[in-house]
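Chain identifiers are assigned alphabetically (A, B, ...) following the order of the sequence lines, protein sequences preceding nucleic acid strands; residue numbering begins at 1 within each chain. Worth knowing before you read on, the calculation uses all heavy atoms, side chains too, and leaves out hydrogens, waters and symmetry mates.
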Amino acid sequence: MAKQKKIKIKAQSGHPVSPDKKIFYWFSVLLFAAGLIGLCLAFSPEEEKVFDFSRPDFRWEVSAGTKILNSAAGITFSKGGPQLYVVIPGNYVDADNFDVCDIELATPIAYEDIQLLFVSPYNPEFKLENGVNFDSGPARRFNHDWLNLRHHPAWQGAVTGILLLPSDKIQSFSLKKIRFVRANLWHRCLAVWRDFTRFYDPKLGTCFSMASPLFINSSFNGFFVPFLWILTASVLLVAIVDFAFKLDPRVRTFAWVVFLVLAGSVWGLLDLRNNQFYLKGMGRDINLYWGKSLSEKRGIVVGDPEFVRFMEFCDQNIPLDANVINGVPVNLPGTPANYLSATQVGYILRPRLAAGLKAAAPDEKTYYIFYKNPEHKLADGKSAINLKMFKVFNAEASILVPAKTGKDLK
Amino acid sequence: MLFGLCLGLFLIFVLGWGIVWLLDRARVLRGMEKLAISFLLGQIGTTLLFFGFLVFRLPQPAFGEALLLGTLSLLIIFFERKNILAGILRIVPAIKQGLVWRPFNGATFKRWLLVILLLLIGLKLAYALVETGSKPEYAWDASGNWTACGKGLYYVTLEQPSRLPQFWASQGNNYPKHVSLMHGWLFSLMQQANDQWSKIFFWLNLLCLVMIFYQTVSATGTRWRALFFTYFLLSGPYFIYMSTIGYADFTLMVYFSVGIVYFYQWVRTKQETYFYLFSLFLAATTWIKLEGKPYAVLGMILVGLFVWLDKSYALKAKCIKTAQYIGAGLIIGLPWQCFALAQPWGSRERLALHLPQALELLRLIYGKMFIEGTWGIFWIIAIAGVLLSWRKIKRREILALAVAVLLFFAVLLSIFLFTEDALGWFEVSFNRILLSVYPVVVLLLSLL
């Protein structure tokens with residue numbers, strides 16, 4: 001009776017709550033609760049060890065030749081030698097106590113790769129393979145880069161040395177503070193998320209496979225395969241039962257909903273990460289490439305600007321009816337094996353077709369191009385002999401011709 | 001330079017528009033879909049024309065073709081002036097309607113979700129555009145093969161036209177040249193080998209695929225469903241990445257999947273236009289990569305299954321359909337195949353049996369599809385989706401898609417098991433081959 005009354009009142013009101021509105025209200029409540037929890041977590045106290053570069057009594061070292069500019073905002077380090085890095089030696093950090101690192105730095109290139117290396121009992125020297133990579137964030141402003149060290153196998157015991165190593169592309173960077181934190185849940189989540197959404201330039205192998213960071217060297221991977229099997233087996237079971245006994249449509253719908261929630265959560269998490277990756281990628285492209293000439297862009301994108309300039313120099317100086325012999329080594333630092341030699345030489349030079357298809361014996365139309373190849377080794381491993389200089393680009397890059405031809409030595 | 005680029009793209013579109021105008025006599029194609037098909041078919045038309053100009057050594061191939069297409073575009077504009085004007089006039093109210101602000105309340109919650117989906121789709125497309133258009137070509141095969149050949153064609157026709165036969169001979173492989181010819185065409189009209197801008201046609205291909213996909217799903221479902229599955233299609237990171245690097249695999253995927261999409265549309269509606277489009281797109285794949293030939297055979301098997309086994313067709317109708325499919329394949333595909341045979345390249349397409357490695361191959365495939373992470377959980381979703389809704393697959397048009405997917409996997413296995421060196425390239429080629437069927441599987445899921 002009471003139930004009937006209730007229905008009557010609801011009907012009289014003329015404003016039944018629509019399913020859309022219900023969803024909206026619940027969504028708002030959930031959002032509010034999540035915000036409240038987030039705020040509580042964000043303000044909970046945490047223990048920290050700070051290396052403040054603006055303090056005069058703080059001792060640090062830099063790579064040879066590095067220029068240093070001290071300002072109120074922090075210290076700017078500029079490359080003056082072959083490498084650029086900053087070391088904090090002899091300071092004791094208890095790795096078992098601190099699990100997150102917050103680095104406040106600014107770089108001229110957006111989302112560039114930087115490595116934090118450290119010395120611990122499990123890693124007695126600064127090893128690249130034991131470093132922690134992170135992206136530097138948006139360009140030309142100080143960013144907090146949160147690093148998750150919790151699961152790093154070598155981050156244990158007393159850490160006695162810290163080294164910050166930016167990639168070769170970075171000519172200068174500014175540093176304010178490096179903090180090691182026993183992080184509250186909020187900062188820990190931030191560090192995990194930063195690690196998960198870390199930007200990296202797509203590599204040449206990306207066209208063959210493109211694994212999400214969830215699947216590479218992560219603890220998630222250990223859970224993923226069983227998850228995959230259980231999910232597939234459950235779905236298969238439902239399908240077999242449905243085939244054999246013709247399930248009630250409601251049971252089928254329920255199975256669909258469970259599957260969609262599980263699959264949607266994983267897919268949504270991966271897509272959230274991809275979206276942040278895309279935003280970072282756009283920021284980086286705009287910062288790094290826009291406003292530059294095609295040649296400069298090619299230099300950046302192939303990883304060796306000097307090589308691109310040298311190839312353009314060769315293209316201008318070698319006649320179109322020449323026979324070009326490629327003396328660019330297969331292995332060059334900073335680029336994948338055989339990349340510059342096999343693809344970029346032929347790509348940047350215009351076609352030289354006069355020599356025909358087969359490599360002819362060296363004649364007066366033969367030109368050798370050598371780049372970072374002081375022994376003038378050719379593809380067969382033997383050194384080229386009886387050559388004379390034709391054009392010099394710099395100490396490491398030049399065009400040579402056979403000595404017996406009538407070409408002038410320039 | 002940018003004027004040349006725009007002109008090149010516009011002429012491609014106009015040629016395609018002309019082809020669509022001829023094919024779609026029943027006017028079944030809708031606005032957005034028509035634009036997308038025009039651009040895709042225009043590319044194949046431009047490739048064929050440009051190739052013809054180059055092979056017959058006609059002077060100034062790009063200029064000559066541009067003149068021809070320019071004349072055609074003027075004719076089309078003249079004859080279609082009323083439709084074009086009406087179309088332009090329809091755009092303005094549509095934009096105005098889209099910009100009307102609707103207040104946010106519970107009743108419009110779904111609309112907001114639609115807006116979020118649109119923003120996510122926009123973000124993915126924006127990333128693909130910025131990534132494609134910001135940097136020159138750098139990826140291995142793109143700079144070592146696809147764009148390199150286009151660049152070579154541009155310089156040879158410009159500086160040493162008499163050495164064109166030597167240039168062809170120097171290519172050293174029988175890879176089809178659609179992507180290279182597209183680059184060559186755009187370089188020629190831009191008057192410089194600007195590989196940063198010429199890559200833009202890959203992004204336009206992505207856009208065309210998205211438009212066709214959206215229209216196809218929305219033809220049988222709601223706008224909500226169509227947008228959701230368009231977002232789902234674009235949320236594959238490998239799919240987006242491959243659209244930015246200039247590999248021919250992406251273009252192959254676009255043509256193959258659009259071909260299968262129109263096969264599905266033809267089975268669903270029995271409109272002849274869709275069958276023509278299916279035949280043309282599948283034939284076009286033979287111009288893009290070597291895998292195009294097995295894909296064209298796959299199309300032939302589909303015709304066999306859905307025309308010859310269909311008792312509602314008379315024998316004459318069956319023969320006509322088969323002839324149409326084969327005819328499209330010959331007209332489009334044969335010129336390149338004949339040309340390639342006449343060159344001193346040889347071929348890597350040799351038969352060999354690798355049946356003893358079949359189990360090992362299956363293990364490798366399992367790793368690539370499910371464990372390695374390139375596809376995330378996509379293939380799990382696909383398998384589960386099919387298993388949970390297997391009853392719906394009995395519907396003829398959905399069955400057509402399911403059979404196409406199964407045939408694709410049969411083709412994929414046969415490539416690795418019955419050709420000489422494909423198995424050796426498994427590690428670097430499998431995901432790229434699998435990419436071709438990705439949009440078809442997403443479409444299949446959207447219909448379940």
Side-chain angles (χ1 to χ4, degrees), chain A residues 18 20-25 202 204 206-212 214-216 224-225 228 231-232 235-236 238-239 242-243 252 255-256 259 263 266-267 270-271 274-275 277-279 281-282 285-286 288-290 294 297-298 300-302 320 339 342-344 346-347 350-351 353-354 356-357, chain B residues 105-110 120 123-124 126-127 130-131 134-141 143-144 147-148 151-152 155-156 159-160 163 166-167 169-170 194-196 235 237-238 240-242 245 247 249 344 368 370-374 376-377 380-381 383-384 387-390 427-429 431-432:
Chain A
S18 72
D20 271 354
K21 265 191 176 170
K22 264 188 190 170
I23 292 169
F24 172 65
Y25 291 143
L204 290 168
T206 313
C207 57
F208 306 137
S209 62
M210 190 183 195
S212 146
L214 266 187
F215 296 87
I216 316 167
F224 183 70
V225 178
L228 182 149
L231 193 67
T232 315
V235 168
L236 198 62
V238 171
D242 185 33
F243 182 75
R252 228 181 300 146
W256 251 119
F259 169 74
V266 178
W267 190 264
L270 289 171
D271 192 52
N274 290 336
N275 290 333
F277 186 92
Y278 295 153
L279 285 170
M282 284 195 280
D285 283 345
I286 292 165
L288 194 55
Y289 296 102
W290 287 23
L294 192 64
K297 287 177 193 172
R298 198 182 307 285
I300 297 168
V301 86
V302 303
L320 279 178
Y339 173 56
T343 68
Q344 295 301 315
Y347 185 60
R350 283 172 294 163
L353 298 163
L357 290 179
Chain B
N105 56 44
T108 55
F109 186 66
K110 268 190 179 173
L120 287 173
L123 169 67
K124 288 160 201 297
Y127 168 73
V130 172
E131 181 68 13
S134 294
K135 38 180 118 161
E137 201 63 87
Y138 67 96
W140 196 291
D141 275 10
S143 46
T147 319
K151 202 171 175 182
Y155 280 122
V156 171
E159 294 170 339
Q160 338 171 44
R163 290 193 172 132
Q166 279 162 278
F167 175 76
S170 73
N194 190 321
D195 49 350
Q196 177 192 338
S235 63
Y238 189 66
I240 290 285
Y241 175 67
M242 288 300 281
I245 56 166
Y247 268 47
D249 303 82
K368 284 274 175 200
F370 301 106
I371 306 294
E372 186 196 62
T374 298
I377 57 167
I380 291 293
I381 292 176
I383 291 170
L387 285 176
L388 287 172
S389 304
W390 62 274
E427 193 57 36
V428 295
S429 63
N431 281 328
R432 291 189 283 157

Highest number of heavy-atom pairs under 4.5 Å with chain B: which of V238(A), T232(A), N275(A), V302(A)?
N275(A)

OG1-OH distance between T343(A) and Y138(B), expressed to the nearest 0.5 angstrom
12.5 Å

Contact part of S429(B) toward chain A, heavy-atom cut-off under 4.5 Å: side chain, backbone, both or neither?
neither

Nearest 0.5 Å, what's the CH2-OH distance between W140(B) and Y347(A)?
15.0 Å

If one checks every heavy atom of F167(B) against chain A at 4.5 Å, the contacting part turns out to be both

Honestly, the part of W267(A) sitting under 4.5 Å from a heavy atom of chain B is both

Let me know if Q160(B) has heavy atoms under 4.5 Å from chain A in its side chain, its backbone, both or neither.
side chain

Is there side-chain contact between L320(A) and Y155(B), with at least one heavy-atom pair below 4.5 Å?
no

Part of L288(A) within contact of chain B (heavy atom distance under 4.5 Å)
neither

Check step by step if side-chain contact (heavy atoms from CB on, under 4.5 Å) holds for K368(B) and N431(B).
CA-CA 7 Å; K368(B) 284 274 175 200; N431(B) 281 328; 3.8 Å; yes

Verify, without hydrogens or angle tests, whether T147(B) (side chain) and S143(B) (backbone) share a donor-acceptor contact under 3.5 angstrom.
no

Name the member of Y278(A), Y289(A), F277(A) that forms the most heavy-atom pairs with chain B at distances under 4.5 Å.
Y278(A)

Separation of L123(B) CG from S235(B) OG (nearest 0.5 Å):
11.5 Å

Among G144(B), S134(B), A148(B), which residue forms the greatest number of heavy-atom pairs with chain A at distances under 4.5 Å?
S134(B)

Is the shortest heavy-atom distance from the side chain of F259(A) to the side chain of I381(B) under 4.5 Å?
yes

Answer with side chain, backbone, both or neither: which region of L294(A) has an atom nearer than 4.5 Å to a non-hydrogen atom of chain B?
both

Checking D195(B) side chain against E137(B) main chain: does a donor-acceptor pair fall under 3.5 Å?
yes

Does any heavy atom of chain A fall under 4.5 Å from the side chain of D249(B), the backbone, both, or neither of them?
neither

Most heavy-atom pairs under 4.5 Å with chain A, out of D141(B), I383(B), I240(B), belong to I240(B)

